[in-house]
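All remarks here apply to the structure that follows.
Remember, it's a predicted structure, so these values are computed and weren't measured experimentally. Just the heavy atoms: all of them, side chains too, but no hydrogens, waters or symmetry mates, feed the values below.
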Amino acid sequence: MQQRNSTLGRPSGTDGSDYSYRMVVDSRYQLVAKGKKRLSVLFIIEALFLLIGVIFAVLKGQKDDTTNTVAISSLIASFILLIIADFGRRRSRSSFLRLYAVLSSLAMLLFTGSLANQYSLLKVIQYFGNRGTGSFDTVFPSLQTGLLVYILTLSVFKISIIKAVVFLLFNMTPPKKAA
């Protein structure tokens, strides 16, 4: 067997005419690699969003409020689901990614609903709807406005993550052969 040496030139049998027999990577696999890389970045950003959510879950909405256990438990579930999704992304496990897409969406809905109830965001929305002349007597705290912006950006971001997961799942499954 001849070793490859740069001084000898091309090894025997590779005169360049064998290009038609070489294998080409299917574009689907390239799309999967791009999708996995994009999801890894999105998962890191989602983890940061969840850390910000911990701050909102721990803060008390009103003076007599207790700790919001629903928000905290949904955040814990979201962190666990994020770890499962990252494992599914690394190992190309479509079932883990499907589980993440469904359950993390439900956890996000529980989280936003419990925070909206705790911080009475309905009053803030009504205040904006009436252009500041509503029954919200005092000027609403900036915490509630920040929470409203946080929930809206989290929702839009979650939709983009679900789109990326669906795109990856679509490209991970092999194409169906015609019968």
Test log, rule side-chain contact (heavy atoms from CB on, under 4.5 Å), inputs Asn171 and Lys34: CA-CA 11 Å; Asn171 287 315; Lys34 287 179 185 176; over 6 Å; no
Are [X] and [Y] linked, directly or through other ILVMFWY residues, by side chains that come within less than 4.5 angstrom of each other?
X      : Y      : result
Val165 : Ile159 : no
Phe167 : Ile45  : no
Phe87  : Val41  : yes
Phe157 : Leu110 : no
Leu42  : Tyr150 : yes

Residues that, via side-chain heavy atoms closer than 4.5 angstrom, fall in one hydrophobic cluster with Phe170: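 The other cluster members (ILVMFWY side chains, heavy atoms under 4.5 Å, direct or chained): none.
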Can you tell me how far [atom2] of [Y] sits from [atom1] of [X], rounded to the nearest 0.5 angstrom?
X      : Y      : atom1 : atom2 : result
Arg89  : Leu82  : CZ    : CG    : 10.0 Å
Ile161 : Glu46  : CD1   : CD    : 4.0 Å
Ser95  : Leu169 : OG    : CG    : 9.5 Å
Thr153 : Leu148 : OG1   : CG    : 9.5 Å
Ile55  : Leu50  : CD1   : CG    : 12.0 Å
Phe96  : Leu99  : CZ    : CG    : 8.0 Å

Quick one: closest heavy-atom pair of [X] and [Y], and the distance?
X      : Y      : result
Ala107 : Ser74  : O-CB, 3.5 Å
Leu115 : Ala57  : CD2-CA, 4.1 Å
Ser104 : Lys158 : OG-NZ, 3.0 Å
Ala164 : Arg38  : CB-NH1, 3.7 Å

Worked check of side-chain contact (heavy atoms from CB on, under 4.5 Å) between Ser92 and Lys36: CA-CA 9 Å; Ser92 296; Lys36 284 182 175 184; 2.4 Å; yes
Any donor-acceptor N/O pair, Tyr100 side chain to Ile83 backbone, under 3.5 Å: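 Looks like no, no N/O pair under 3.5 Å.
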Partners meeting side-chain contact (heavy atoms from CB on, under 4.5 Å) with Ser105 (sequence neighbours left out):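 Here the qualifying residues are Ile162.
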Any residue meeting side-chain contact (heavy atoms from CB on, under 4.5 Å) with Ile80, in chain and number order, not counting sequence neighbours: Ile76, Ile84
Ring centre gap for Phe56 and Phe111 strictly below 6.0 Å: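 For Phe56 and Phe111, the ring centres are not under 6.0 Å apart.
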Test side-chain contact (heavy atoms from CB on, under 4.5 Å) applied to Val70 and Asn68, step by step: CA-CA 6 Å; Val70 175; Asn68 193 344; 3.8 Å; yes
Verdict with supporting geometry, Leu97 and Arg93, side-chain contact (heavy atoms from CB on, under 4.5 Å): CA-CA 7 Å; Leu97 290 171; Arg93 302 287 174 122; over 6 Å; no
Test item: Met108 and Ser155 side chains (from C-beta on) under 4.5 Å apart, heavy atoms: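 Counting from C-beta outward, Met108 and Ser155 do come under 4.5 Å.
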